2 protein chains.
Amino acid sequence: MTGANEVKRTMDSRITKALSNEDAPDLNLIELLFFAYRDFTADPDLILEKIDFGRAHHRVLYFINRKPGMTVAELLDVLKITKQSLARVLKQLIDTEHVVQVTGPRDRRQRELYPTAKGRELALALALPQSRRIAQALQESGPENRRAIESFLKAMVNPDQRAQIDSLPAAG
Amino acid sequence: MTGANEVKRTMDSRITKALSNEDAPDLNLIELLFFAYRDFTADPDLILEKIDFGRAHHRVLYFINRKPGMTVAELLDVLKITKQSLARVLKQLIDTEHVVQVTGPRDRRQRELYPTAKGRELALALALPQSRRIAQALQESGPENRRAIESFLKAMVNPDQRAQIDSLPAAG
DNA sequence: AAACTAAGTCAACAAGGCTGACATATTTTT
DNA sequence: AAAAATATGTCAGCCTTGTTGACTTAGTTT
């Protein structure tokens with residue numbers, strides 16, 4: 001309320017016209033993606049905080065469940081984080097027996113990552129509210145649009161990384 | 001030979017079957033949302049890091065541009081963060097003259113937030129790659145599906161918060 | 001034997017969330 | 001008029017999750 005932050009009135013340089021679709025197309029889709037993703041991730045967050053895990057644990061656990069036997073390098077490539085970042089949460093997932101490591105059969109330097117029964121259960125519990133939200137949204141907006149929505153979201157992904165999606169089972 | 005191998009097999013608690021759509025429906029949409037959002041936000045990140053801003057600045061600047069004159073409380077409600085978190089980035093946006101504050105005309109406790117020309121320019125520069133990505137994805141997946149995609153994403157948002165979306169101009 | 005590779009680890013740092021406590025105007029209620 | 005409530009700002013400290021850089025160990029490739 002003092003000096004530096006005082007509101008200036010003499011040089012009124014403010015813009016009062018809203019940024020609109022005329023300035024940049026599809027602003028409504030930009031913010032819909034923001035809101036949809038915000039609420040989509042809020043569901044599992046509620047479960048995670050009860051067991052002192054965060055979103056990082058969720059992502060790691062999710063992909064290990066989606067592709068059991070994934071190596072550390074593969075996981076890093078999917079998540080696009082550094083191995084030091086991964087190490088922190090992966091260690092916790094292993095310590096809490098949600099995930100186990102197995103020395104790679106072909107290349108013994110590699111570590112294959114697998115969920116345990118406990119890890120599978122948690123992954124499912126985290127996926128369920130998201131599944132429900134998606135099912136309800138599909139219902140509400142017309143189930144016949146499913147292919148279109150999948151196709152759009154896939155087209156939003158960088159072309160060189162769509163292979164990652166196809167490498168997951170039953171995700172065609 | 002019953003030793004190591006035998007023990008390893010019986011104690012082997014790992015799950016090797018991939019989590020699939022049979023376990024929870026729409027896993028493919030769960031990961032598509034993850035990948036799409038990841039790449040969608042990566043575009044503006046490249047611009048932001050050049051000027052030492054982050055995603056938090058982007059979100060604040062975006063909504064101030066979308067609804068000039070927004071108060072601090074409104075912004076907090078949209079972003080779902082605390083005022084302390086907002087203060088940090090908002091202060092920087094004000095100091096760098098991307099945003100100005102004006103004392104509320106009706107209620108003088110309020111601070112209306114407006115972009116400056118500089119702030120509008122930056123918001124546009126950040127929106128453009130996202131607009132392009134969306135336009136290209138719509139093209140690729142069939143422009144006739146636009147309404148369906150908008151409808152789906154809106155249905156993904158918590159019902160009590162869809163009013164936020166409608167309160168933005170030209171976002172019907 | 002040497003070079004490369006996969007993974008793990010230590011240390012330090014930054015962004016951007018959070019809580020709690022308190023200050024200052026201003027408006028609303030009593 | 002006084003008291004209470006509200007909108008905003010600010011100080012201080014904490015947590016998660018990302019980053020870089022340097023180095024180790026084990027195993028594979030050349």
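Computed from a predicted model, the values in this text were never measured in an experiment. Letters A, B, ... mirror the listed sequences (proteins, then strands); counts begin at 1.
Remark: C1' of dT6(D) and CD of E74(B) are 15 Å apart, rounded to the nearest angstrom. Counting to the nearest Å, the C1' atom of dT30(D) and the CG atom of D107(A) are 15 Å from each other. Taking atom CZ on R108(A) and atom P on dT5(C), their separation rounds to 20 Å, with Å as the unit. Rounded to whole Å, atom P of dG18(D) lies 14 Å from atom NZ of K80(A). Rounded to a whole Å, the CZ atom of R106(A) is 12 Å from the P atom of dA7(C). At whole-Å resolution of the value, CG in D77(A) and P in dA6(C) are 12 Å apart. Taking atom CD of E112(A) as the reference point, atom P of dA7(C) lies 10 Å away to the nearest angstrom. Per the geometry, CG belonging to L76(B) stands 14 Å off P belonging to dT10(D), to the nearest Å.
For R133(B), the side-chain hydrogen bond (donor to acceptor under 3.5 Å, both in side chains) test picks out N158(A), D43(B), with sequence neighbours left out. With sequence neighbours left out, S85(B) forms a side-chain hydrogen bond (donor to acceptor under 3.5 Å, both in side chains) with T82(B). Taking Q92(A) as the reference, H57(A) meet the side-chain hydrogen bond (donor to acceptor under 3.5 Å, both in side chains) condition, with sequence neighbours excluded. Q84(A) pairs by the side-chain hydrogen bond (donor to acceptor under 3.5 Å, both in side chains) definition with nothing, not counting sequence neighbours.
Looking at S131(B), its side chain does come within 3.5 Å of a backbone N or O of P25(A) through a donor-acceptor pair. Counting only distance, with no hydrogens or angles, the side chain of Q164(A) and the backbone of D77(A) share a donor-acceptor pair below 3.5 Å.
Judged as a salt bridge (charged side-chain N to carboxylate O under 4.0 Å, His left out), the pairs with a partner in residues 108-122 of chain A (not counting sequence neighbours) are, in order, D107(A)-R109(A). Screening residues 62-81 of chain A for ring pair (Phe, Tyr, Trp, His ring centres under 6.0 Å), with sequence neighbours left out, gives F63(A)-F34(B), F63(A)-F35(B). Listed by first then second residue, pairs satisfying ring pair (Phe, Tyr, Trp, His ring centres under 6.0 Å) with a partner in residues 90-138 of chain B read F53(B)-H98(B), not counting sequence neighbours. Counting only residues at least two apart or in different chains, ring pair (Phe, Tyr, Trp, His ring centres under 6.0 Å) contacts with residues 117-158 of chain B are absent.
Within residues 48-56 of chain B, the residues having any heavy atom closer than 4.0 Å to DNA chain C are, in order of number, G54(B), R55(B), A56(B). Less than 4.0 Å separates DNA chain C from no heavy atom of any residue of residues 32-46 of chain A. Of all the residues in residues 82-98 of chain A, T82(A), Q84(A), S85(A), R88(A) reach under 4.0 Å from DNA chain D with at least one non-hydrogen atom.
A sub-4.0 Å separation between OP1 or OP2 of dT5(C) and a side-chain N or O of R111(A) is absent. Contact check, H57(B) against dA15(C): no side-chain N or O comes under 4.0 Å of OP1 or OP2.
Contact annotation for Q101(A): backbone-only contact, meaning every heavy-atom pair under 4.0 Å involves sugar-phosphate atoms and none involves a base.
With contacts defined as side-chain heavy-atom distances shorter than 4.5 Å, the pair P115(B)/V100(B) does not qualify.
Here NZ of K154(A) is found 10.5 Å from CD of E31(B). Values are rounded to the nearest 0.5 Å.
Recorded end-axis angle for the helix from dA1(C)-dT30(D) to dT30(C)-dA1(D) stands at 20°, based on five pairs per end and rounded to 10 degrees.
Between D45(B) and K50(B), no side-chain nitrogen of the basic residue sits less than 4.0 Å from a carboxylate oxygen of the acidic one, so the salt-bridge criterion is not met.
Mapping V72(B) and R59(A) onto DNA chain D by nearest heavy atom places V72(B) at the nucleotide closer to the 5' end.
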With side chain to side chain contact (heavy atoms under 4.5 Å, CB included) as the criterion, how do M156(A) and R38(B) come out once you've worked through the C-alpha distance, each side chain's angles and the decisive distance to 0.1 Å? CA-CA 10 Å; M156(A) 287 285 289; R38(B) 183 193 65 180; over 6 Å; no

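Side-chain atoms of R109(B) and base atoms of dT8(D) include no donor and acceptor less than 3.5 Å apart.
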